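In what follows, a single structure is set out as structure tokens and then discussed.
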There are 2 protein chains.
Amino acid sequence: MQASKRAKDPLICNGAALRKATRRITQLYDAVLAPCGLSVSQRSVLVHIARAGEPTMSELAQAMVLDRSALAHNLKPLQRDGYVVVRRDEVDGRSRRVVLTEVGQEKLSASHHLWRSAQDRFEAAYGVERAADLRLALAEIFSDDFAKAFNRARAAPSSG
Amino acid sequence: MQASKRAKDPLICNGAALRKATRRITQLYDAVLAPCGLSVSQRSVLVHIARAGEPTMSELAQAMVLDRSALAHNLKPLQRDGYVVVRRDEVDGRSRRVVLTEVGQEKLSASHHLWRSAQDRFEAAYGVERAADLRLALAEIFSDDFAKAFNRARAAPSSG
DNA sequence: CGCATTTGCGTGCATATGCCAGTATCAGTC
DNA sequence: GACTGATACTGGCATATGCACGCAAATGCG
């Protein structure tokens, strides 16, 4: 009956399960973050920029496990709202560096307590330790090494 | 690596981690599924329809943890390609029932070995048991009960 | 220095996802 | 049987995501 019982079923797609969980968590976090006007997705971009300093488009896309063109699209609303600016790299004219503006930094700071609230709620429901373990598992999965291992792994000869 | 060490950091957003892992897995699975012309997302819709029989839009959306309007949009390419049809419910004229066509069933069957290949690769890299545990964790997270627990867990006291 | 290749991005198109407003339909009331 | 409220769905708008293709700039080669 329960979906949780069925989840052990090897016929359940890992990708579909991941997508469903992501949709749910995005909804829950977005609802909590709503008052500050940032979505989880948008806040994640600002966090990654702040973490990296002034990354190029490629560096930022790589860090976010995001397609370059998708990143370019995602930056548009953030540029429009004045949270980030993109400028040509001084050394390599092909590269663009993404920079967090003052307004963007303030917005990010202002979003922190709301994000913390959402995170706390998640961990109250799921468990602090379990959440940390989950993040570790997810970090392994989205790592470049994992993608390499996936692509190296030949499909197991199905019994038939 | 540092990335995996940092994942334990309580300042890492669970939502962002989930989104990154989902983007990665979607890319990996989609690449394997490409020959059959279905994406993980599209195949997941067909799987859920097959599993449910002839669900209404609401039932299908609920099962997929997907917004009703999002589901309606997602069905359009599948209708256009003749994999599903949507018809009014005989009893309740407001409801629409989503039905898998012959072509849709064949497409789903044809995609199975490709999906199995992707799933096997994932589990070769991540571990069969660990994958089953992950699906269980994800199923817990996207369950309605979890959403209720999340929404109950409020730090701020409600006036009433 | 001039040209072919490589590299870093942006654009256009298609799909994915969600919110809100509007429409159609059903159930209950008088 | 018309009015009222609830329910199921659709459409419009905005963002998210990725692929194919084209542009601009750096690099390698003669």
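Computed over heavy atoms, backbone and side chain alike; hydrogens, waters and symmetry mates excluded. Bear in mind the structure is a predicted one, so any value in this text is a computation, not a measurement. Labels below follow one simple rule: chain letters A, B, ... track the order of the sequence lines, proteins then strands, and each chain is numbered from 1.
The structure places CG of B/L66 at 11.0 Å from CZ of A/R24, a figure rounded to the nearest 0.5 Å.
Using a 4.0 Å cut-off, some side-chain N or O of B/S39 falls inside it from OP1 or OP2 of C/dA16. At the phosphate of D/dT17, neither OP1 nor OP2 sits under 4.0 Å from any side-chain N or O atom of B/T22. Side-chain nitrogen and oxygen atoms of B/S41 include at least one within less than 4.0 Å of the OP1 or OP2 phosphate oxygen of C/dT17. In terms of phosphate contacts, A/K76 brings a side-chain nitrogen or oxygen within less than 4.0 Å of OP1 or OP2 of C/dT11. For D/dG18, the OP1/OP2 oxygens have a side-chain nitrogen or oxygen of B/Q27 closer than 4.0 Å.
A side-chain donor-acceptor contact under 3.5 Å links A/T22 and B/T22. When only modelled atom types and interatomic distance are considered, A/S69 and A/D67 share a side-chain donor-acceptor pair under 3.5 Å.
With C/dG12, D/dT10, C/dT15 as the choices, the nucleotide that has an atom nearest any side-chain atom of B/A72 turns out to be D/dT10. Closest to the side chain of B/L66, out of D/dA16, C/dG18, C/dA16, is C/dG18. Taking the side chain of B/S58 as heavy atoms from C-beta on, and the options D/dA8, C/dA14, D/dG18, the nearest nucleotide is D/dA8.
Nucleotide C/dT15 holds its C1' atom 8 Å from the CG atom of B/N74, rounded to whole Å. Rounded to whole angstrom, the span from the CG atom of A/L71 across to the P atom of D/dG18 amounts to 10 Å. In this structure, B/D67 places its CG atom 17 Å from P of D/dA14, rounding to the nearest Å. Atoms CD1 (B/I25) and C1' (D/dT17) sit 16 Å apart, rounded to a whole Å. Atom CZ in B/R80 sits about 9 Å away from atom P in C/dA16, given to the nearest Å. Spacing between atom CZ of A/R24 and atom P of C/dA16 amounts to 20 Å, rounded to whole angstrom units. In this structure, the CZ atom of A/R68 is 16 Å from the P atom of D/dT17, given to the nearest Å. The OH atom of B/Y29 sits 18 Å away from the P atom of C/dA16 (whole-angstrom rounding).
Counting only heavy atoms from C-beta outward, the side chains of A/R19 and B/M64 never approach each other to under 4.5 Å. In this structure, the side chains of B/R96 and B/R87 stay at 4.5 Å or more apart for every pair of heavy atoms. Taking the side chain as every heavy atom from C-beta outward, B/H48 and B/R51 approach each other to under 4.5 Å.
Between the base of C/dG18 and the side chain of B/H73 there is a donor-acceptor pair shorter than 3.5 Å.
Two residues, A/T26 and A/S69, neighbour DNA chain C, and the one matched to the more 5' nucleotide by heavy-atom proximity is A/S69.
Within residues 86-107 of chain A, the residues having any heavy atom under 4.0 Å from DNA chain C are, by residue number, A/R94, A/S95, A/R96.
Enclosure of atom CD in B/Q62 is not indicated, since only 12 or fewer non-hydrogen atoms of other residues, nucleotides or ligands lie within 6.0 angstrom.
Hydrophobic clustering (ILVMFWY, side-chain heavy atoms < 4.5 Å, transitive): A/V128 and A/L136 are in distinct clusters.
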